[in-house]
Visitor: 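I am attaching a structure below and will ask some questions about it afterwards.
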2 protein chains.
Amino acid sequence: MSTASAARREIPEATVARLPLYLRALRSLGARGVEVISSEALSEAAGVRSTGLRKDLSHLGSYGVRGVGYDVGRLSEEISRELGLHHDWSVAIIGMGNLGHALAAYGGFATRGFSVRWLVDEDPAVIGTEIAGLQVIDFADLAKQAPESIIAVLATPPHAAQQAADQAVALGVRSILNFAPCVITVPDGVEVRKVDLATELQILAFHEQRGRDGELSSRHFVSKDSGSARSIGATKERRTSWGEAP
Amino acid sequence: MSTASAARREIPEATVARLPLYLRALRSLGARGVEVISSEALSEAAGVRSTGLRKDLSHLGSYGVRGVGYDVGRLSEEISRELGLHHDWSVAIIGMGNLGHALAAYGGFATRGFSVRWLVDEDPAVIGTEIAGLQVIDFADLAKQAPESIIAVLATPPHAAQQAADQAVALGVRSILNFAPCVITVPDGVEVRKVDLATELQILAFHEQRGRDGELSSRHFVSKDSGSARSIGATKERRTSWGEAP
DNA sequence: TAGATTGTTAATCGATTAACAATC
DNA sequence: TAGATTGTTAATCGATTAACAATC
């Protein structure tokens, strides 16, 4: 399927991490009927610098038109393809506590290429119950039902995370999103990304503390990671209620 | 309170982002009765390289003893102080959908220096209800009750996030953790960090796709961001059930 | 053609790693 | 003293920014 010209471009890790932001912005623009957009405007919508955006996109190839900009639909397609979103990914959520429960019901995955298809727990009191339209199963059942490649979302308490990760890996899982606030160890070839909510708050606390102390020196708190604080004047559509989760 | 020697050390952003990981590992070690630890062992528990750990700690000062290691209690204290965790931070969660609900009930904040004290929504059907022992209030009430410095956790749907952020900022909030999958714009001096769940999955999908294609070239997927995939042989305590969230 | 905007090259900046001298 | 381990300096690496030539 891959042609000779498909020599695998190396895409910098920092760029990969931003592609989803561009895609998100493009989809939103597309939904509003925007068909062509400049790097300047797109970068603003994505919360990055235009020069960085162009550099990032240059790693994918040349999909823009000088003097004009980028075709929103075309660029969405190309980024989707690059991210591997042309087929849907199946997700298993492991650990049905508060967080696992919320993630199971979270609507934000389906719209972005992921189907939550399995909910796993080891507590007999939870197994068999229905959450967000799915039956909670145990690992043995997951092994039977999930021969294909899946992404595991770990939402167990920390003391159970390593064991759960081991079981997932034994099933062939090679991508894990870890919400448990602990380090998990996996074999080579398995990728782990982590989201630690309290860690994020602690980083904010650090800056807030520094900020108050150093008030008079009038620093600017332009965080590296968050990025979004950087851009000014981005789209400002408002209104409506927010009873439902993001 | 600050002495002349308290010339404000600049701590690199990358270091700040890792301090919470060190603290987490130290607390866990301390709870197990470990009193002294080498940079080598601590780095493994935290999922980083020992050389990086020492470099990070050197920004805080010299709290280790050559030939011996670090005092677990002392280092915990110093990092806590550096992060501003010697007083508890108050958190307001904005948006009581699935995710906001789960975050309100999430036990992992309290143990790490944060008190969730306010739950905010604008839906009259939700305001006044009780979640995790707290009454849901509206912004007007929050304005009355929260004169002090607070951290806002945004868990609204994307279309409502900017407005909610504006209202929070108007109340004096200067630190925002944004779970809504959109860019929000804030004035200088306000810091935003973001957590986008679908984005994390898309980054994993990218690597998984690459991995399968490039199988024969036997790459190693050592992600920059996740870091935890790097260390091998870290602590492996197991067992017990995981009915509850992390 | 003139104006706009991309894609790329070069310069800067920051973060990681390696090496090792200091010192317990 | 000998062995271990920190803290720091220098080298490498990668990511960001600036500048501008290519070109629609």
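Each chain gets a letter, A, B and so on, in the order its sequence line appears, and its residues count up from 1. All values below come from the heavy atoms of this structure, side chains included, with hydrogens, waters and symmetry mates left out.
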Visitor: Any salt bridge between B:R54 and B:E40, counting N to O under 4.0 Å?
Guide: no
Visitor: Do B:R18 and B:E13 sit within salt-bridge range, that is, some charged N less than 4.0 Å from a carboxylate O?
Guide: no
Visitor: What distance do B:L23 atom CG and B:L19 atom CG have between them, rounded to the nearest 0.5 Å?
Guide: 8.5 Å
Visitor: Check the side chains of B:Y63 and B:D71 for a donor-acceptor pair under 3.5 angstrom, ignoring hydrogens and angles.
Guide: no
Visitor: Rounded to the nearest Å, what distance is computed from the CG atom of residue A:L53 to the P atom of nucleotide D:dA15?
Guide: 16 Å
Visitor: Does A:R112 come within less than 4.0 Å of B:D196, counting only side-chain N to carboxylate O?
Guide: yes
Visitor: Taking protein heavy atoms under 4.0 Å as touching, what does nucleotides 6-13 of chain D look like 5' to 3' if B marks base contact, S marks sugar-phosphate-only contact and - marks none?
Guide: BBBBB---
Visitor: Between C:dA15 atom P and B:I11 atom CD1, what is the distance in whole Å?
Guide: 12 Å
Visitor: Round to the nearest Å and state the distance from B:R49 atom CZ to C:dA15 atom C1'.
Guide: 13 Å
Visitor: I need the CD-C1' distance between A:E13 and D:dT16, as an integer number of Å.
Guide: 16 Å
Visitor: Judged by modelled atom types alone, do A:E10 and A:H59 share a side-chain donor-acceptor pair under 3.5 Å?
Guide: no
Visitor: Can you classify the ring geometry of A:W89 versus A:H87 as parallel (below 30°), tilted (30 to 60°) or perpendicular (above 60°)?
Guide: tilted
Visitor: Does the side chain of B:L177 come within less than 4.5 Å of B:V195's, by heavy atoms?
Guide: yes
Visitor: Which helical stems does DNA chain C take part in, if a stem means at least 3 consecutive Watson-Crick or G-U pairs with both distances below 3.5 Å?
Guide: C:3-24 with D:3-24
Visitor: Hey, is A:R81 close enough to A:E78 for a salt bridge, meaning N to O under 4.0 Å?
Guide: yes
Visitor: So, taking the atom named CG in B:D166 and the one named CD1 in B:I184, what distance separates them when rounded to the nearest 0.5 Å?
Guide: 8.5 Å
Visitor: In residues 71-82 of chain A, which ones come under 4.0 Å of DNA chain C, going by heavy atoms?
Guide: none
